[in-house]
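The model shown is predicted, which means the values in this text are computed figures rather than measured ones. So you know, we letter chains A, B, ... as the sequences are listed, proteins then strands, and number each from 1.
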Amino acid sequence: MMGNKTVLSLTISAALASPLSHAADVEVIHWWTSGGEQKAVSVFADEFNKLGKDKWVDSAIALGQNARSVTMQRTLGGNPPGAAQFNLSRQFEELAEEGMLLDLSTLAEKEGWKEFIRPNQVLSPCIKDGGIYCVPVNIHSNQWLWTNKEVFKKAGVKEPTTWKEFLEVAPKIRAAGYIPLAFGGQGWQENLTFNVVMIGTTDKAFWQQIWRDRDLNAAAGPRMLNVFKTFGALRQHVDEGAPGRNWNDATNMVITGKAAAQVMGDWARGEFAAAGQQAGVDYGCIPGPSLRPYLTVGGDVFIFPKQKDKAVEAAQLKMASMMLSPSVQAKFNNAKGSLPVRADVDLTLADACMKKGLALLEDDDALFKHSEIYVNADTNGQLQDLVSTFWNSAGMSAEKAQELFVEIIQNAE
Amino acid sequence: MKTNADVLTQNTGNSTRKRKKLNFTSLIASTPMIIVAIGLFVICAGYSIMLSFTKSKLFPKFNWVGFDQYERLWSTTRWVTSVENLLIYGSLFIIFCLVAGFLMAVFLDQKVRFENGFRTLFLYPYAMSLVVTGLVWQWMMEPSLGIQNVVQELGWESFRFAPLVNPELAIYGILIAAVWQSSGLVMALMLAGLRGVDSEIWKAAKVDGIPTWRTYLFIVLPMMRPVLITSLVLLCVGVVRVYDLVVAQTGGGPGMATEMPAKFVIDHITVRNNVGLGMAAATMMLLPVLLVIGPWIYREYVKKGSRA
């Protein structure tokens with residue numbers, strides 16, 4: 001009896017004394033549910049499980065919005081996941097402010113994140129009051145026009161590089177029997193297209209005037225009016241079934257040759273690849289359309305909510321370090337079709353479109369920040385509502401939309 | 001007389017004693033319910049209303065801003081559109097459900113063959129979740145895959161049935177799905193009501209030579225008042241909380257065409273990180289319930305119940 005008790009207490013004290021040797025389960029919430037995305041996320045899971053006894057517990061929730069609100073609610077409710085995906089933005093800023101996230105700055109300093117993560121705007125949203133609260137894992141950009149080369153050939157027109165050109169060739173594409181613009185009428189897609197039109201018909205300085213400086217004169221000026229007019233003009237070039245359509249269904253219209261082009265982020269490339277098409281041969285990718293090429297630096301990050309259990313915290317740090325290691329970055333981003341956050345990564349598999357993106361990434365003047373970095377989720381939501389209303393009410397004039405836009409900028413937070 | 005009075009007092013005495021005893025046990029039995037009711041409804045609702053006067057973003061914070069959130073709420077086009085949508089959707093939904101439910105119940109009341117089969121068939125949609133209902137109807141109303149496509153391929157080229165992609169009609173697309181889902185329940189309630197009507201009344205009406213439809217409309221229907229009220233209350237609750245059907249069918253689109261107040265609240269307290277505004281909207285949803293439906297339910301049920 002005595003012996004048993006001693007053994008038991010020894011075991012307990014051993015367990016208490018060395019919690020770091022204890023294996024931990026880390027639950028990871030993310031919204032990577034499509035085929036290509038699943039492949040990418042299992043790179044993370046496998047690499048993490050290989051590191052030791054800690055286990056990656058996969059918790060995939062369809063749709064970013066849903067996944068993020070589950071993370072938020074669970075963190076607020078005191079039952080946070082071990083790690084969770086967010087976009088590179090201010091979405092998780094309040095969690096960091098309230099001290100609910102693990103500060104990774106010691107690890108970051110040791111590994112030199114600030115030196116190897118490029119461009120530096122990828123890391124900056126993670127930094128809050130000197131602490132580092134998230135790990136950027138990839139770079140995505142929204143400003144791409146995906147084209148079906150054969151449709152353009154059959155319609156006898158050149159692929160447009162600016163919105164002006166697009167509006168010129170669109171009627172000819174329609175006349176040839178194709179839908180000029182494959183479009184998914186969901187709020188976020190309407191908003192994405194609006195932003196592409198905005199940067200594509202203006203420039204980086206103007207973008208910053210609006211979002212960073214909240215310049216009301218610029219918002220009420222003729223250049224902004226032109227943005228609304230150009231965006232409004234696109235309405236006649238989509239098909240009847242657009243409202244509510246998913247982005248990948250719209251991409252599929254381009255792949256199958258029903259439509260000529262689609263405005264979508266670089267994740268659309270995964271769909272073309274999955275259909276066995278070749279970049280630059282079957283499908284084209286045009287940065288913009290835009291007066292000069294611009295890319296937003298967006299992407300996905302992981303946050304690590306604070307945990308009571310020290311063993312989990314140790315595992316969280318291990319996971320953060322793993323996600324940024326060069327070999328994992330290469331494997332993960334090749335599967336995902338996104339660009340790695342560090343330059344010293346083997347990218348022999350990169351296709352023509354990916355190379356275009358990588359080249360632009362080297363040019364600081366071509367990079368600009370998404371509006372989500374300058375204004376909070378609430379203001380962004382208001383803008384999305386306005387864009388969606390304008391897109392769907394043919395009777396609403398560009399002038400009226402601009403008036404409401406000025407109001408939103410005025411009250412932006 | 002005297003004896004009668006005695007008996008009466010004795011009876012009253014007995015029953016008061018009995019009632020007191022009953023009250024005590026029922027009090028114990030209903031304590032958990034009272035705690036839940038006060039805890040969930042009163043305290044939580046109070047807390048929500050309190051938050052609506054703050055500038056809370058993602059976290060509840062007590063930085064008071066007075067009626068600012070309400071001012072912003074009522075100057076937000078999306079909210080005003082949501083309220084209008086709810087009024088259109090709600091009134092039509094209730095009317096169509098009541099009419100369709102009543103007609104189905106009358107049909108079954110004719111002692112038709114396969115009554116059980118029909119009853120199950122009519123009630124079945126109600127067993128389906130609103131998300132499934134929404135998705136099924138979304139597919140049927142999709143212009144390039146759904147009913148429109150099928151009929152056009154059969155040769156009727158000009159046929160149009162794709163309400164969900166048209167901002168003017170989308171709300172009616174949702175209405176169709178909602179009525180399809182809920183009218184079965186009304187049918188079940190009404191059928192129970194019809195079966196509860198004394199057969200003597202039917203005989204009397206026959207003797208007087210009143211046509212069947214008039215008997216239904218002017219004699220039987222008024223007798224079914226409690227059933228009507230129950231149906232109405234259930235339908236009203238369904239209207240106020242309409243959320244999942246919209247999310248599954250249109251996601252609020254095209255544009256703001258099918259936005260609803262409940263969706264506004266949930267969007268703002270989750271992804272839009274604006275608890276203050278969301279709670280102001282939630283309070284506005286609670287207000288009509290408290291002001292109109294509360295006293296009315298009290299009058300219909302509680303007061304009548306105690307009188308009986």
Output for pair (A/Arg68 CZ, B/Asn273 CG), nearest 0.5 Å, gives 9.5 Å

Residues B/Leu164 and A/Pro243: closest non-hydrogen pair is O-CB, 4.5 Å

Check your understanding: Is A/Asp378 close to B/His268 at the side-chain level, that is, under 4.5 Å between some pair of heavy atoms?
Key -> yes

Applying a strict 4.5 Å limit to non-hydrogen atoms, the region of A/Met396 in contact with chain B is neither

May I ask you to check whether over 12 heavy atoms, not counting those of B/Glu168, lie within 6.0 Å of atom CD? no

Using a cut-off of 6.0 Å, state whether more than 12 heavy atoms not belonging to B/Tyr126 lie near its atom OH. no

Of all heavy-atom pairs linking A/Gly241 and B/Pro143, the shortest is CA-CG, 3.6 Å

Count the heavy atoms belonging to other residues, nucleotides or ligands that lie under 6.0 Å from CZ of B/Arg241, then report whether that count exceeds 12.
-> no

Looking only at A/Gln384, A/Glu190, A/Gln186, A/Glu94, the option with the highest number of non-hydrogen pairs under 4.5 Å against chain B is A/Glu94

Query raised in the report: Would you call A/Glu413-B/Lys55 a salt bridge at under 4.0 Å N-O?
Result: yes

| Taking C-beta and beyond as the side chain, do A/Glu97 and B/Lys57 meet within less than 4.5 Å on heavy atoms? | no

Tightest non-hydrogen contact, residues B/Thr270 and A/Ser69, listed as CB-CB, 3.6 Å

Taken to the nearest 0.5 Å, the spacing of A/Met72 CE from B/Ile269 CD1 works out to 12.5 Å

So, the part of A/Glu98 with a heavy atom under 4.5 Å from chain B: the answer is side chain

In terms of heavy-atom contacts, B/Met256 and A/Ser388 come closest through CE-CB, 4.0 Å

If one checks every heavy atom of A/Glu93 against chain B at 4.5 Å, the contacting part turns out to be neither

The interface call for A/Leu404 against chain B, heavy-atom contacts under 4.5 Å, is neither

Closest non-hydrogen atoms of A/Gln382 and B/Arg272, given as atom of the first, atom of the second and distance, are N-NH1, 4.1 Å

Practice prompt. State whether the number of non-hydrogen atoms from other residues, nucleotides or ligands found under 6.0 Å of B/Tyr172 atom OH is greater than 12.
Written response: no

Bottom line for B/Pro167: the part with an atom under 4.5 Å from chain A's heavy atoms is side chain

Value for CG (A/Asp385) from CH2 (B/Trp79), rounded to nearest 0.5 Å, stands at 13.5 Å

With chain B, the option among A/Leu76, A/Asn380, A/Asn66 that has the most non-hydrogen atom pairs under 4.5 Å is A/Leu76

